[in-house]
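Working notes, beginning with the structure itself.
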Protein chains: 2
Amino acid sequence: MPPPLMQKDEVITKLIATFRRWGYDGATLSRLSEATGLVKASLYHYFPKGKQDMARAVLDTVHLQFQEQVIQPMQQAEASRESLEAFAQNLIDFYMEGNASCLLEVFTLGSAREIFAESVKGSLEKLKDCLADFLEKSGYDPETAAVKARRGVIAVQGALVTHRGLGEDAFFGEAMKDLPDLLMPRDP
Amino acid sequence: MPPPLMQKDEVITKLIATFRRWGYDGATLSRLSEATGLVKASLYHYFPKGKQDMARAVLDTVHLQFQEQVIQPMQQAEASRESLEAFAQNLIDFYMEGNASCLLEVFTLGSAREIFAESVKGSLEKLKDCLADFLEKSGYDPETAAVKARRGVIAVQGALVTHRGLGEDAFFGEAMKDLPDLLMPRDP
DNA sequence: GTCTATAGTATGATAGAC
DNA sequence: GTCTATCATACTATAGAC
């Protein structure tokens, strides 16, 4: 049998970009095939249950990356404005200056909605909890921390959508750099 | 010829719900047909260029409704916190407690992206400008008003996405009721 | 592990009867 | 203005050769 053209990780990386750009319903097997360079039958070798398997692998992989690159650094961070600035920068890197859509958003539309609802909910809650913990650690009482954490999650998702809609290169970056002021405003 | 089953306005109303739920690529002609009760050929009577025509009509109609129900009241509002509270309530009504997705978000994914990019950008800018004008009127300097207006637009889009992702009934409403505090915090 | 070939279905879109 | 019937294409998915 022929040698593998690429590792499964590489395939998934290419699938991720396609699902982010096209959404679940827009990411047809033809587009996924074109993006990976594998014909449909080869994709079915890696993902026996087809598109749903691919999307699941994509979601799991991105979830793991988000944990490592955004959540864990935040959990280990000391309570300071600098930590929030680093958090913002990690988000900028993770979402490629806002040019990569969030799968948690993309997979709540169309046919993907029911399939991935639970995973999406879990990931969003993790982000919110992580922010709330940090803010409590920073001295806010639990109620204030919860409201601010909600604002934080909303800001990330909203900035991604608005960046996409406005098409201004620097929009997402500027919105994220506003995060520290949004969550821990300096006293006026 | 048989009498029309319904006015074009009624047809569009039903199309709106379908595009919001399924996105552009997920809103297949079969689903649009089912939602309206018209067979595909009848839909083509109303919208000769097919799905693209339907989506355009949907986007234009929703844009007009948003102008009337959200933008114009805000433009005529006096500079006060109460006006912001009314603005938030108008958003809650417009987006049906968060259960209706924003087409500006939905149409920036998949095949719709290039087609509607300009319209989406225009609508988002209108909302941002409207908020910035209000905040300047309320006494903020132009730079601060611009930053806060950006936060406002992001908050609306982000709250819609996060509401959908978390599936908590009251999420969007609570996030919108937080808007006045977000944009015009009471002095501590 | 990758390919060609193809099955069966769904898609967007039309023609033409009434 | 609505319908049945249909087209060509694209879709997800699979079988089988190498």
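All chains are named by letter (A, B, ...) in the order of the sequence lines, taking the proteins before the strands, and each is independently numbered beginning at 1.
Heavy atoms from other residues, nucleotides or ligands lying under 6.0 Å from NZ of A/K8 number more than 12.
In this model, the phosphate group of C/dA13 is approached by a side-chain N or O of B/Y44 to a distance below 4.0 Å at OP1 or OP2. Listed pair A/T28 / D/dC11 meets the phosphate criterion, a side-chain N or O lying under 4.0 Å from OP1 or OP2. Considering only side-chain N and O atoms, B/H45 lies under 4.0 angstrom from the phosphate OP1 or OP2 of D/dG1. Between B/K51 and C/dG12 there is a side-chain polar atom (N or O) within less than 4.0 angstrom of OP1 or OP2. Taking 4.0 angstrom as the limit, A/S42 places none of its side-chain polar atoms (N or O) nearer than this to OP1 or OP2 of C/dG1. Under 4.0 angstrom from either OP1 or OP2 of C/dA10 there lies no side-chain N or O belonging to B/S30.
Mapping B/G37 and A/P48 onto DNA chain D by nearest heavy atom places B/G37 at the nucleotide closer to the 5' end.
One atom, NZ of B/K40, and another, P of D/dT4, lie 13 Å apart when rounded to the nearest Å. Rounded to whole Å, atom P of C/dT11 lies 13 Å from atom CE of B/M54. If you measure from atom CG of B/L38 to atom P of D/dT2, you get 6 Å, rounded to the nearest angstrom. Note: CG (A/L43) to P (C/dT2) measures 10 Å, nearest angstrom. B/Y46 has its OH atom 7 Å from the C1' atom of D/dG1, to the nearest Å. Taking atom CG of residue B/L29 and atom C1' of nucleotide C/dA10, one finds them 11 Å apart after rounding to whole Å. The distance between atom OH of B/Y24 and atom P of C/dG12, rounded to the nearest whole Å, is 9 Å. If you measure from atom CG of B/D53 to atom C1' of C/dG12, you get 13 Å, rounded to the nearest angstrom.
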Under the salt bridge (charged side-chain N to carboxylate O under 4.0 Å, His left out) rule, what do B/R150 and A/E168 come out as? Steps first, then yes or no, please.
CA-CA 13 Å; B/R150 189 180 65 196; A/E168 297 167 5; over 6 Å; no

Apply the test side chain to side chain donor-acceptor pair (under 3.5 Å) to residues B/R56 and B/S119: give CA-CA distance (whole Å), side-chain angles for both, the deciding distance (0.1 Å), then the verdict.
CA-CA 9 Å; B/R56 170 62 63 190; B/S119 304; 2.8 Å; yes

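Between the side chains of B/S33 and B/S30, no donor-acceptor pair is found at a separation under 3.5 Å.
Hydrophobic clustering (ILVMFWY, side-chain heavy atoms < 4.5 Å, transitive): B/W22 and B/F116 are in distinct clusters.
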